[in-house]
Amino acid sequence: MYNANTKSILNDFFNFLKKPNDQQIHLSTKNKFSLIFKLLILELLFTLIIVTPLNYLIDEFITIKSPSLDYKFNTIYAIIALMVLIVPFVEEIMFRSILRYNSIFSKWIDREKWDRYFPYLVYTMSIAFGLVHASNYYNDSLSFYLLLPLIILSQLSGGFVLSYIRVRINFYYGFIYHALWNLIAALIIPSIVLLMSCPIKDHSKNYSLEIDEKILFNQNEIQSISIDSRDNKVYKIDAEQLFLQDILDQIYGEEKYYVDEYLIDMDFSSKQGVTKEEFKKILEKEYDIE
């Protein structure tokens, strides 16, 4: 009987990483959920301790560019349907469904050969899972490709964890783990970060700026933007439920500058006006604009 304590899970997981084997473990439903929750906590710690500092370090060398979501895909219902349910299910079918020997495979390959090639299959599918997520970005520089293994480190590690769960338990627990991870990454962590932060307020003799950041686009609330910009100066901006990138595009022209995805309400006013370059510097107090 498999021991589902944390030490045993870690030992078995690292042995699996060294040489994956197609062996299922027999656990009660309670212990199966205990296993995936412990792995979830361990992967969150890995992300916090290793991945997040690496991301900050990478940001010193290159700007990791990702396209803004379409507003209709940034609602609570769309994120739950797509990111939490549909995408994990499809990805588990694509990358993990074949990671168990069954009656269909037995018609093409005997068990001895399957066991011999199984480690390569796990490595291939786990790495492929990580590489697919490179499509989340649209960088095309040499530095981006050189740093890509570190940029997608979270997806690579996640690919191996999901492969382990799929093999040791079954497909459905892998899907549950994947769905929980996406829920945490897409909704829970951003919500906690936002709750811990305060609205941005920047006032001077020449201007007033207030920005409220949002996690989700609310289709029941107004989305609008009004910009008063003349003679290379910005006098007034009143925006509700806009990505900061879209505001920059309207002021400076599309693809002139890049900023990470921030959904915001913005209220900016200046009687004398500030130059567009000055306005950019004001925003750069809070945001990295490239």
Donor-acceptor pair, Tyr101 side chain versus Ile109 backbone, under 3.5 Å?
yes
Using a strict 4.0 Å threshold on nitrogen-to-oxygen distance, state whether Lys256 and Asp249 make a salt bridge.
no
Does a side-chain heavy-atom distance below 4.5 Å link Asp228 with Val234?
no
Between Phe279 and Phe268, is the ring centroid distance below 6.0 Å?
yes
Can you tell me how the ring of Phe105 sits relative to the ring of Trp114, calling it parallel under 30°, perpendicular over 60° and tilted otherwise?
parallel
Considering all heavy atoms, the nearest Ser154-Glu43 contact
O-OE2, 3.9 Å
Which value, rounded to the nearest 0.5 Å, describes the distance between Leu150 atom CG and Ile50 atom CD1?
11.5 Å
So for atom CD, which belongs to Glu254, do other residues, nucleotides or ligands contribute more than 12 heavy atoms lying within a distance under 6.0 Å?
no
CG/Leu40 to CZ/Phe37 distance, rounded to the nearest 0.5 angstrom?
7.0 Å
Are Asp267 and Lys236 close enough for a salt bridge, meaning some N to O gap below 4.0 Å?
yes
Side chain proximity check, Ile282 to Leu209, heavy atoms < 4.5 angstrom
yes
Return yes if some donor-acceptor pair links the side-chain N/O of Asp70 with the main-chain N/O of Lys72 below 3.5 Å, else return no.
yes
Do Tyr173 and Phe33 have ring centroids that are under 6.0 Å from one another?
yes
Could you go through the side chain to side chain contact (heavy atoms under 4.5 Å, CB included) check for Phe16 and Arg168 one step at a time?
CA-CA 10 Å; Phe16 181 84; Arg168 288 292 188 261; 3.9 Å; yes
Report the C-alpha separation of Val167 and Phe118 in whole Å, then their side-chain angles, then the decisive distance to 0.1 Å, and conclude whether the side chain to side chain contact (heavy atoms under 4.5 Å, CB included) test is met.
CA-CA 11 Å; Val167 173; Phe118 185 72; 3.7 Å; yes
In Å, rounded to the nearest 0.5 Å, how long is the span from CD1 of Ile25 to CG of Leu35?
5.5 Å
Under 3.5 Å donor-acceptor, Arg96 side chain and Gly174 backbone:
no
Would you say the side chain of Ile165 lies within less than 4.5 Å of the side chain of Asn170, judging by non-hydrogen atoms?
no
Which heavy atom in Pro119 sits nearest to a heavy atom in Lys19, and how many Å separate them?
CG-CG, 4.3 Å
Taking ILVMFWY side chains as joined if any heavy atoms are under 4.5 angstrom apart, and letting links pass through other members, which residues group with Tyr258?
Tyr138
Taking atom CD1 as the centre, does Ile104 end up with more than 12 heavy-atom neighbours from other residues, nucleotides or ligands that are less than 6.0 angstrom away?
no
Assess the pair Phe243 and Tyr262: is the distance between their ring centroids shorter than 6.0 Å?
no
Does a sphere of radius 6.0 Å around CG in Asn102 hold more than 12 heavy atoms from other residues, nucleotides or ligands, not counting ones at 6.0 Å or beyond?
yes
Go through the steps to decide whether Glu221 and Glu240 satisfy the test side chain to side chain contact (heavy atoms under 4.5 Å, CB included), and finish with yes or no.
CA-CA 9 Å; Glu221 294 182 2; Glu240 295 184 47; over 6 Å; no
Do the numbers put Lys280 on top of the ring of Tyr257, so that NZ or CZ is under 6.0 Å from the six-membered ring centre and no more than 45° off the axis?
yes
Heavy-atom donor-acceptor pair, Ser66 side chain to Asn136 backbone, under 3.5 Å
no
Under the criterion ring-ring contact (aromatic ring centres under 6.0 Å, His included), which of Phe129, Phe171, Phe95 is the partner of His178?
Phe129
Please check if Tyr172 and Ile169 belong to a single hydrophobic cluster, counting links between Ile, Leu, Val, Met, Phe, Trp and Tyr side chain heavy atoms closer than 4.5 Å.
yes
Hey, are the side chains of Leu216 and Thr75 touching, using non-hydrogen atoms and a 4.5 Å cut-off?
no
Rounded at 0.5 Å granularity, tell me how far CD1 in Ile151 sits from CG in Asp59.
9.0 Å
Test of understanding: clusters of I, L, V, M, F, W, Y form through side-chain heavy atoms closer than 4.5 Å, transitively. Do Met83 and Phe73 belong to the same one?
yes
Side chains of residues 187-200: which donor-acceptor pairs under 3.5 Å do they make with residues two or more places apart or in other chains?
from   : atom 1 : to     : atom 2 : distance (Å)
Ser191 : OG     : Leu187 : O      : 2.6
Ser197 : OG     : Val193 : O      : 3.3
Ser197 : OG     : Leu194 : O      : 2.9

Tell me whether Ile222 at atom CD1 has more than 12 heavy atoms from other residues, nucleotides or ligands lying less than 6.0 Å away.
no
Could you walk me through whether Asp265 and Ile211 pass the side chain to side chain contact (heavy atoms under 4.5 Å, CB included) test, one step at a time?
CA-CA 6 Å; Asp265 291 343; Ile211 295 177; over 6 Å; no
Salt bridge or not for Lys214 and Asp212, using N-O below 4.0 Å?
no
Under a 4.5 Å cut-off applied to non-hydrogen side-chain atoms, are Asp22 and Arg100 in contact?
yes
Using the side-chain hydrogen bond (donor to acceptor under 3.5 Å, both in side chains) rule, take Tyr145 and Asp140 through it: C-alpha gap first, then chi angles, then the decisive distance, then the call.
CA-CA 7 Å; Tyr145 291 110; Asp140 57 5; over 6 Å; no
Where is the tightest heavy-atom contact between Pro20 and Tyr123, given as atom of each residue plus distance?
CD-OH, 3.3 Å
For residues Val259 and Asp288, report the shortest heavy-atom separation together with the two atoms involved.
CG2-O, 3.6 Å
When clusters are formed by joining ILVMFWY residues with side-chain heavy atoms under 4.5 Å apart, either directly or through shared neighbours, do Ile227 and Leu242 land in the same one?
yes
Ring-plane angle category for Tyr120 and Tyr117, please: parallel below 30°, perpendicular beyond 60°, tilted otherwise.
tilted
Here's one to test your reading of the geometry: is the NZ or CZ of Arg230 within 45 degrees of the ring axis of Tyr235 and under 6.0 Å from its centre?
yes
Apply side chain to side chain contact (heavy atoms under 4.5 Å, CB included) to Lys201 and list each qualifying residue two or more places apart in sequence or on a separate chain.
His203, Glu210
Going only through I, L, V, M, F, W and Y residues with side-chain contacts under 4.5 Å, is there a path from Ile49 to Ile152?
yes
Is the shortest side-chain heavy-atom distance between Gln155 and Val132 below 4.5 Å?
no
d(Ile80 CD1, Asn182 CG) to nearest 0.5 Å is 12.0 Å
Please check this pair: side chain of Thr47 against backbone of Val51, looking for a donor-acceptor N/O pair closer than 3.5 Å.
no
To the nearest 0.5 Å, atom CD of Gln219 lies from atom OH of Tyr77 at 9.0 Å
List the atom of Leu244, the atom of Met266, and the distance in Å for their closest heavy-atom pair.
CD1-CE, 3.9 Å
Test of understanding: clusters of I, L, V, M, F, W, Y form through side-chain heavy atoms closer than 4.5 Å, transitively. Do Trp108 and Met125 belong to the same one?
no
Of the non-hydrogen atoms in Asn218 and Asn220, which two are nearest, and what is the gap between them?
OD1-N, 2.8 Å
Which word best sums up how the rings of Trp181 and Tyr177 line up, parallel for under 30°, tilted for 30 to 60°, or perpendicular for over 60°?
parallel
Trace of the side-chain hydrogen bond (donor to acceptor under 3.5 Å, both in side chains) decision for Ser269 with Ser208:
CA-CA 5 Å; Ser269 61; Ser208 173; 4.6 Å; no
Between the side chain of Asp110 and the main-chain N/O of Lys113, is any donor-acceptor distance below 3.5 Å?
yes
Contact between Lys276 and Ser229 at the side-chain level, heavy atoms closer than 4.5 Å - yes or no?
yes
